[in-house]
Number of protein chains: 2
Amino acid sequence: MSKCEQCIVREFSSLKALNKDELIQLSDCKTSYTIKKGETIFEEGENVNGIYCIKDGICKLTKLSPNGKDQIIKLVKKGELLGQRSMISEEPVNLSAVALEDMQVCFIPKSDIMGYFDKNNQFSMNVMRTICSDLKDSDDHMVSLAQKTVKERLAETLLYLEETFGKSSDGSLNVQLSREELSGMIGTATESCIRLLSDFKKLGLIELNGKKIVLKDSSKLKRISE
Amino acid sequence: MSKCEQCIVREFSSLKALNKDELIQLSDCKTSYTIKKGETIFEEGENVNGIYCIKDGICKLTKLSPNGKDQIIKLVKKGELLGQRSMISEEPVNLSAVALEDMQVCFIPKSDIMGYFDKNNQFSMNVMRTICSDLKDSDDHMVSLAQKTVKERLAETLLYLEETFGKSSDGSLNVQLSREELSGMIGTATESCIRLLSDFKKLGLIELNGKKIVLKDSSKLKRISE
DNA sequence: AGAAAAGGATGACATTTATCATATTAATGT
DNA sequence: ACATTAATATGATAAATGTCATCCTTTTCT
């Protein structure tokens, strides 16, 4: 069993407020899982009863629309926590979490984490600030979806992906999404997304190589995204 | 100066966790304002440095899109608080608040409310739960904007307005929005919104009388909204 | 009251986006 | 390795939505 106090990713989340003793305690109650690409961590409507700490990998948070399509609400990466909102609201999770690549996650039962919520003020403030930040992002995203064209949203999303996940050695985005998933992020039909990617490629803004996408002209993409 | 401990609307917000002494203290530091319809309470980017408690009236929270249109993120009514997210994040507000009708609001400086945040656990939990609920609503709204047609969103919004604000004695929605504002809620061009309202009227789903809207067939609207 | 401005409604048309069909390419299972 | 399936790509077309122009109605101002 790996030890929380030696785990680097805790520094990136609200857990950084916990002291050494608290982290040692945490190590005893957590469960580690390996999640394969495509597997579900939890599903919309489930009672999760705890939080997941992402040690490695990226997952998507999706919500099923009545039309049968999955809307991607957020991508979550190494160092972030899942299930905080649900834990505080004492409600089932409202989103599904599905791995986009192989993941390492640790599950901490609600009973074990809620104690720090009362005792460790800094920790609860961190959680609150994270949720506030999510809310702000959500507001911004809403304006995009409501007011921007699909083309603008695609450009915006590509820039967001590069900014958030960086690029790998070959220059391509460090997160691989299927065309369908990318469509699920920008809220459009898969074919429309593919078509616009082709357009961007013809305009020399990006390069496509299977799932790999390289941004060639970020400043022009930036201009399109507004 | 009116007294918080005698104010009924506190029961509807996170403030219900405060005890009598705390409320009496609050009365001394709050400032009451009358806001006329159309006036701005605060603007996107401002440092608000406190929260507003809405004693009476309704306001819209909007965010300006790069295309120049105002997207309405949320409507807020009597009993609710404004500026909580900004206060916790210690950031400028990300939304503007504009009165949709004459309002009574009380402003409580951050310095006076933050104390309860540490001392009164129930109060801070209430605030958190409110923000969590906003986040959940925001996620739902996002899926609507991304995946539903304008017609579906209009039907959904009309039902939401009736559910949230009720109807007045003549059966019309108890909140009056201009066509432009309604468009700003559903994320569409004003003309498109007007056209669809006319369609709904021709189908006998609603009645229009100036700004007044009466829902005549909620179950059919419900069916359209999915 | 009357003028001016704002808001609402509607037609004509352009543009964007979705849908359906089908081809091509890549991934997967046995 | 080959068949099967899934993912990507593209064309043709329909449907949804936005834009511009114009007219009508209501509100506001003096």
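Per chain, numbering begins at 1; letters A, B, ... match sequence-line order.
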Asks: Taking atom C1' of C/dT15 as reference, at what distance in whole Å does atom CG of A/L196 sit?
Replies: 13 Å
Asks: Can you identify which nucleotide, out of D/dT8, C/dA18, D/dT17, has its nearest atom closest to the A/S178 side chain?
Replies: D/dT8
Asks: Nearest to the side chain of B/R179 - C/dT17, C/dG8, D/dG18?
Replies: C/dG8
Asks: Could you tell me whether the side chains of A/Q71 and A/T62 share a donor-acceptor contact shorter than 3.5 Å?
Replies: no
Asks: Taking CD from A/Q176 and C1' from C/dA26, how many angstroms apart are they, rounded to a whole number?
Replies: 13 Å
Asks: Give a yes or no on whether a donor-acceptor pair under 3.5 Å exists between the nucleobase atoms of D/dG18, that is its base, and the side chain of B/R195.
Replies: no
Asks: Between D/dA9, D/dA7, C/dA9, which nucleotide has the shortest distance from any of its atoms to the side chain of A/L208?
Replies: D/dA9
Asks: In whole angstrom, what separates B/K148's NZ from C/dA18's C1'?
Replies: 18 Å
Asks: Ignoring the backbone of B/E191, work out which of C/dG7, C/dT10, C/dT19 is nearest its side chain.
Replies: C/dT10
Asks: Categorize B/S192 for me: base, sugar-phosphate, or nothing, with a 4.0 angstrom heavy-atom threshold over every strand shown.
Replies: base
Asks: Mapping B/K202 and A/K69 onto DNA chain C by nearest heavy atom, which one lands closer to the 5' end?
Replies: B/K202
Asks: D/dA9 P sits how many Å from A/L197 CG, rounded?
Replies: 7 Å
Asks: Does the side chain of B/K211 get closer than 4.0 angstrom to OP1 or OP2 of C/dG8 through an N or O atom?
Replies: yes
Asks: Please name the residue in the list B/K69, B/K60, B/K211 that meets the salt bridge (Lys or Arg N to Asp or Glu O under 4.0 Å) test with B/E181.
Replies: B/K60
Asks: Taking atom types as modelled, find out whether A/E156 and A/S144 have a side-chain donor-acceptor pair closer than 3.5 angstrom.
Replies: yes
Asks: How many Å lie between NZ on A/K151 and C1' on C/dT15, as a whole number?
Replies: 11 Å
Asks: For DNA chain D, whose closest nucleotide is more 5', that of A/L177 or that of A/A146?
Replies: A/L177
Asks: Round to the nearest Å and state the distance from A/L154 atom CG to C/dT16 atom P.
Replies: 15 Å
Asks: Looking for any heavy atom pair under 4.0 Å, which part of the strands does A/T190 touch: base, sugar-phosphate only, or nothing?
Replies: nothing
Asks: Roughly how many Å is it from CG in B/D199 to P in C/dA9, rounded to a whole number?
Replies: 12 Å
Asks: Indicate whether the side chain of A/S219 and that of A/D217 have a donor and an acceptor atom separated by less than 3.5 Å.
Replies: yes
Asks: What is the distance, to the nearest angstrom, from the CG atom on B/L145 to the P atom on C/dT17?
Replies: 15 Å
Asks: Less than 6.0 angstrom from the centroid, inside 45 degrees of the normal: does A/K78 satisfy that with respect to the ring of A/F12?
Replies: no
